[in-house]
2 protein chains.
Amino acid sequence: MMNIEKKIDPKLNAEVRKIFTLYLEENKQRKTPERFSILEEIYNQIGHFDAEDLYLKMKRKSYNVSRATVYNTLELLVNSDLITKHQFGENHAQYEKAYGSRQHDHLICINCGKVIEFCEPRLQQIKESMSEIFDMEIKRHALTLYGTCKLGCK
Amino acid sequence: MMNIEKKIDPKLNAEVRKIFTLYLEENKQRKTPERFSILEEIYNQIGHFDAEDLYLKMKRKSYNVSRATVYNTLELLVNSDLITKHQFGENHAQYEKAYGSRQHDHLICINCGKVIEFCEPRLQQIKESMSEIFDMEIKRHALTLYGTCKLGCK
DNA sequence: CTCGGTGCAAAGCTTTTGCATCCGC
DNA sequence: GCGGATGCAAAAGCTTTGCACCGAG
């Protein structure tokens, strides 16, 4: 079985660590070791994950963090724009790294669950139009397309 | 307090009833009175709602349906394209009528929770591009913009 | 008459909370 | 040392399931 873990990238790790540190300081939050282990764990894996995935992975590596801390830290990371949170129509949230990857959206296969990421510059224009029409400042968006692989996908 | 219930529209009711009937027949499902009362209840109200809203509303009107039936019927209605299901970043699903309203997307205020609906023809082009690029048949999409009312909203 | 649908309550799952302890500042 | 953060387990909230009964076909 293929190893889907990315090699640890020390430069990226240092960068996100710095961003998180600044965020915590600006928001008068403590820089606990648990928070940084969670951040590191996230940035050394690829793809989407959920809170339970992450909790179990930390447990397996004997990090001894609790679910409460995982959820708390995920929220901090969302607020510091280091990860994004998705609700792809399931009852539980999925997350993914946000730093160092381009803004993108998702195309999901209804049959096999495959998630494809794509970039779509035209969305920017749509956001600008809506901002103007409704006099709102658009902070972010989520576009998900649902479809089926034409040649089957199982 | 303003009455937000729409007047019952017999023509619309008859149309959706017919669509649902056809769907049930095609899928060899029984045409139970509970399923039709739920459909009617949904089409005689406006705006977004969740399963619990609907369950309580039915109870209040002494329809004597169970949560299980509400959830079961909501799924059938989603599959028959009579309602759409949304996960606006919360942990519980919201639904809305789909028949007789134009395809639209949502703009949500992060502060006050206000939901604005908008139509955006340019999305169609995006869907066509992605369909071509990834060789997938796009069945549906969900676009949600998150922002803040520029003049405040409380 | 059959067997799928229903009501009810209990179970399941993700997420949140309460509380005693711990540790960053 | 103070007060926020943590771990643990219990609770909460939405949704699904098990089971006996009912009723659509």
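Throughout, protein chains are lettered first and strands after them, A, B, ... in sequence-line order, and every chain is numbered starting at 1.
Taking the six-membered ring for Trp and thresholds of 30 and 60 degrees, A:His104 and A:His106 have ring planes more than 60 degrees apart, a perpendicular arrangement. Using the six-membered ring where Trp is involved, A:Tyr23 and A:Phe20 have ring planes that are parallel, under 30° apart on the 30 and 60° scheme. Between A:Phe49 and A:Tyr95, the ring-plane angle classifies as parallel under the 30° and 60° cut-offs.
Salt-bridge annotation for A:Lys85 and A:Glu75: absent, with no side-chain N of the basic residue lying under 4.0 Å from a carboxylate O of the acidic one.
Nucleotides of DNA chain D with any atom under 4.0 Å from a heavy atom of chain B span, from 5' to 3', D:dC14 to D:dG25.
Using modelled atom types, one side-chain atom of B:Thr73 and one backbone atom of B:Thr69 make a donor-acceptor pair closer than 3.5 Å. Formation of a donor-acceptor pair under 3.5 Å by the B:Asp105 side chain with backbone atoms of B:Leu143 is found in this model. Distance alone, capped at 3.5 Å, places no donor-acceptor pair between the A:Arg30 side chain and the A:Leu24 backbone. B:Ser131 places no side-chain N or O within donor-acceptor distance of the main-chain N or O of B:Lys127, the cut-off being under 3.5 Å.
Partner B:Gln45 forms a side chain to side chain donor-acceptor pair (under 3.5 Å) with one of B:Glu40, B:Lys97, B:Lys57 and no other, that one being B:Lys57.
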statement: Per-nt protein contacts along nucleotides 15-25 of chain C (heavy atom under 4.0 Å; B base, S backbone sugar-phosphate only, - none) come out as BBB-----BBS
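Remark: nothing in residues 13-22 of chain B comes within less than 4.0 Å of DNA chain C through any heavy atom.
Phosphate proximity of C:dC8 to B:Asn64: present, with a side-chain N or O under 4.0 Å from OP1 or OP2.
Using a 4.5 Å heavy-atom cutoff, the side chains of B:Glu117 and B:Glu96 are in contact.
Protein atom CG of A:Leu74 is 13 Å distant from nucleotide atom C1' of C:dT14, rounded to whole Å.
Residue A:Lys59 is in sugar-phosphate contact alone, with no base atom involved, counting any heavy-atom pair closer than 4.0 Å across all strands shown.
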